[in-house]
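Following: one structure in structure tokens, then a few remarks.
Below, all heavy atoms of this structure are taken into account, side chains as well, without hydrogens, waters or symmetry copies.
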2 protein chains.
Amino acid sequence: MSDSCFVVRLNRYLDLTPTEKTAIASLEREPREYASGNTLWQEGDDLSELLIVHQGWALSESRLSTGKRQILRFHFSGDLIGASGIAFRDAPSSIVAATDMVVCRFPRRALGETFIQHPRLAALFFSISQMESIDLYDRLRALGRSEGKARLANLFLSIAARMRAVSGQHNPVVRIPLTQSDLGDAVGLTQVHVNRLIRQMTEEKLITRNRSTVTLLDEPRLIEISRFIDRFSSLDSSWFPSPRG
Amino acid sequence: MSDSCFVVRLNRYLDLTPTEKTAIASLEREPREYASGNTLWQEGDDLSELLIVHQGWALSESRLSTGKRQILRFHFSGDLIGASGIAFRDAPSSIVAATDMVVCRFPRRALGETFIQHPRLAALFFSISQMESIDLYDRLRALGRSEGKARLANLFLSIAARMRAVSGQHNPVVRIPLTQSDLGDAVGLTQVHVNRLIRQMTEEKLITRNRSTVTLLDEPRLIEISRFIDRFSSLDSSWFPSPRG
DNA sequence: CGAGCTTTTGAATCGCCTCAAGGCCGGTGG
DNA sequence: CCACCGGCCTTGAGGCGATTCAAAAGCTCG
């Protein structure tokens, strides 16, 4: 049996034992497909399952009663979706497919069993969730304390960093299947202003963008503008319990 | 031995067994004191210990190279500080005492042992960290998609909600030992503008503020303005493993 | 009582928003 | 095969929210 995408993802941070791999793989239920634009679940829905992204992109978003939307996070291959709702019964945000997707389901109750049988995996889950918190810190700082151009630069760099961590390649061309509206809702700007900023950044030879690809032309300057810090490179597992089995 | 403040905090979400309580309490090392304004650690410092707030307020902050500051989180009694840095060796943010404080230290390695011995506690740690992620989602939404007055209203309400969850009391007067600069750095506004907004909100009889207390005069309207959602009331532990010992 | 914070207030400016209209491009149906 | 339609992108004009700079007026503590 070939490794599931979740195993591949977790294995990036830790050398999983065969037992651990089997344990994780056995949690994944049959995959399900969603077409681009579909809603996987909505804010407030009751969550009995978590999802693991097999293929495609999803984004979690939340709407204000004014109709405005904030995009909270992007989910790529190997990401666990819904963990942030595990402390509550209800989903804190909606999940929407940004491209066609394949996701595996993962029963929520199974998580408890995993915590007992595989403390090292529990530690890994905990660590990954902390990495995501740090990612949120960085975005908070970007939204709170930097202007439009820097916010966009930060967004492009952080998406690129995550994609590159998965692919292992360092390509200046990044596939970002988002409209200008989406970008705006992610960084707290209007679509119109995103358009103007992208034009400016193009004139300054920082990036180019067409359709769903963004090319990072001048990464050093993008990093300088946005004070981007790449967090996703390594994980400190020195405090983890030792593996079983 | 009386319950440590960390036990009290965790016990709010789960009925801890005596064994679990002992396990947690034994992790806490001798307390240490910090005066208001002191820095407990700085962005980039090597973290070998986590801290638990015994008394007082701390805030985690991060500085841009422009000198601007973003306050990322507030830490109250019972909060675990530094978990977000556990995935890495280095602290992602600085911690500063907002009042005089007493904190207990908690060796990072001990966390691994706890995960083995007490899977239910591991699940609880995981859940609490997810609650904090959701809190970050809410702040991200506030910073990205609402204007100044709503951001401040949101901040005041969320601090009040957390304080009330600890105290069990519902008092309109909330002690918030922060300057206008601090408030600005938390919600992404300048001190000057925070001042003007507070004056407006005072004129509209939404709040009053002097020194380090804020009085919430009209909570329904504050909630309406800011679309505040109180997340910290309950925890879903239905998926937790059963207790040992 | 003075030093050093915090707060208050004004004036000018800028970043971003809203409203609005038009252009592009791909897909669908006649 | 072309006409049309709906999403997306582009661009302009005007306005508002928030910033910067600046200066003065409390507070608090030694």
Side-chain angles (χ1 to χ4, degrees), chain A residues 35-38 64 66-71 96-100 142-155 176-204 207-214 225-226, chain B residues 35-38 59 64 66-71 96-100 142-155 175-204 207-214 225-226:
Chain A
S36 170
N38 275 29
L64 304 203
T66 54
K68 292 187 177 182
R69 176 177 70 145
Q70 175 68 45
I71 293 180
V96 177
T99 66
D100 291 347
L143 288 205
R145 283 291 177 232
S146 64
E147 52 175 32
K149 203 184 290 180
R151 293 191 210 173
L152 275 181
N154 201 298
L155 181 66
I176 301 185
L178 301 174
T179 64
Q180 292 181 350
S181 288
D182 293 332
L183 295 173
D185 287 339
V187 298
L189 298 170
T190 56
Q191 175 270 322
V192 174
H193 199 59
V194 167
N195 180 285
R196 292 193 230 269
L197 289 174
I198 287 179
R199 179 158 52 80
Q200 274 185 46
M201 294 171 83
T202 306
E203 284 166 4
E204 296 169 22
I207 61 164
T208 58
R209 180 191 116 103
N210 52 9
R211 303 187 179 245
S212 51
T213 63
V214 171
I225 290 172
S226 66
Chain B
S36 171
N38 275 28
L59 37 91
L64 304 203
T66 55
K68 292 188 177 181
R69 175 178 71 146
Q70 176 68 45
I71 293 180
V96 177
T99 66
D100 291 347
L143 288 205
R145 283 292 177 230
S146 64
E147 53 174 33
K149 203 184 291 182
R151 293 191 211 173
L152 275 181
N154 202 300
L155 180 67
R175 173 137 196 283
I176 301 186
L178 301 175
T179 65
Q180 292 180 350
S181 287
D182 293 333
L183 295 174
D185 286 339
V187 300
L189 298 171
T190 56
Q191 174 270 324
V192 174
H193 198 59
V194 167
N195 180 284
R196 294 192 230 269
L197 289 174
I198 287 178
R199 178 158 52 80
Q200 275 185 46
M201 292 171 84
T202 306
E203 284 165 5
E204 297 169 20
I207 60 164
T208 58
R209 179 190 116 103
N210 51 8
R211 306 186 180 243
S212 53
T213 63
V214 171
I225 289 172
S226 66

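Under the 4.5 Å side-chain criterion, counting only non-hydrogen atoms from C-beta, Asn195(B) is not in contact with Val192(B).
Across Arg209(B) and Leu178(B), no two heavy atoms sit closer than the pair NH1-O, 3.1 Å.
The side chain of Arg209(A) approaches dC9(D) more closely than any other nucleotide in the set dC17(C), dC9(D), dT9(C). Candidate nucleotides dG17(D), dT10(D), dG26(C) were compared by shortest atom distance to the side chain of Glu147(B), and dG17(D) ranks first. Ranking dT20(D), dC9(D), dC17(C) by closeness to the Val192(B) side chain, first place goes to dT20(D).
Not one side-chain nitrogen or oxygen of Thr190(A) sits closer than 4.0 Å to the OP1 or OP2 atom of dC16(C). Under 4.0 angstrom from either OP1 or OP2 of dT20(D) there lies at least one side-chain N or O belonging to Lys68(B). The side chain of Asn195(A) places an N or O atom within less than 4.0 Å of a non-bridging phosphate oxygen (OP1 or OP2) of dT10(D).
Between the CG atom of Leu183(A) and the P atom of dT10(D) there is a distance of 12 Å, rounded to whole Å. Between Gln191(B) atom CD and dA18(D) atom C1' the separation is 13 Å, expressed in whole Å. Between Arg145(A) atom CZ and dT20(D) atom C1' the separation is 13 Å, expressed in whole Å. Rounded to whole Å, atom C1' of dT9(C) lies 13 Å from atom CD of Glu203(B). In this structure, the NE2 atom of His193(A) is 18 Å from the P atom of dC16(D), given to the nearest Å. Rounded to a whole Å, the CD1 atom of Ile198(A) is 12 Å from the P atom of dT11(D). As a whole-Å value, the separation of Gln180(B) CD from dT7(C) C1' is 5 Å. Look at CG on Leu178(B): it is 18 Å from P on dC5(C), rounded to the nearest Å.
Put simply, the side chain of Arg145(A) gets close to the backbone of Arg69(B): a donor and an acceptor are under 3.5 Å apart.
Each of Leu197(B) and Arg211(A) lies near DNA chain D, and the nucleotide nearest Arg211(A) is the one positioned closer to the 5' end.
Among the heavy atoms of the strands, none lies under 4.0 Å from Gly37(A).
With hydrogens and angles ignored, a donor-acceptor pair under 3.5 angstrom links the side chain of Arg196(A) to the base of dG12(D).
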### Task
Starting from the C-alpha separation in whole Å, work towards a yes-or-no answer on salt bridge (charged side-chain N to carboxylate O under 4.0 Å, His left out) for Glu147(B) and Arg151(B).
CA-CA 6 Å; Glu147(B) 53 174 33; Arg151(B) 293 191 211 173; over 6 Å; no
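With rounding to the nearest 0.5 Å, the separation of CG in Leu183(B) from OG1 in Thr190(B) is 12.0 Å.
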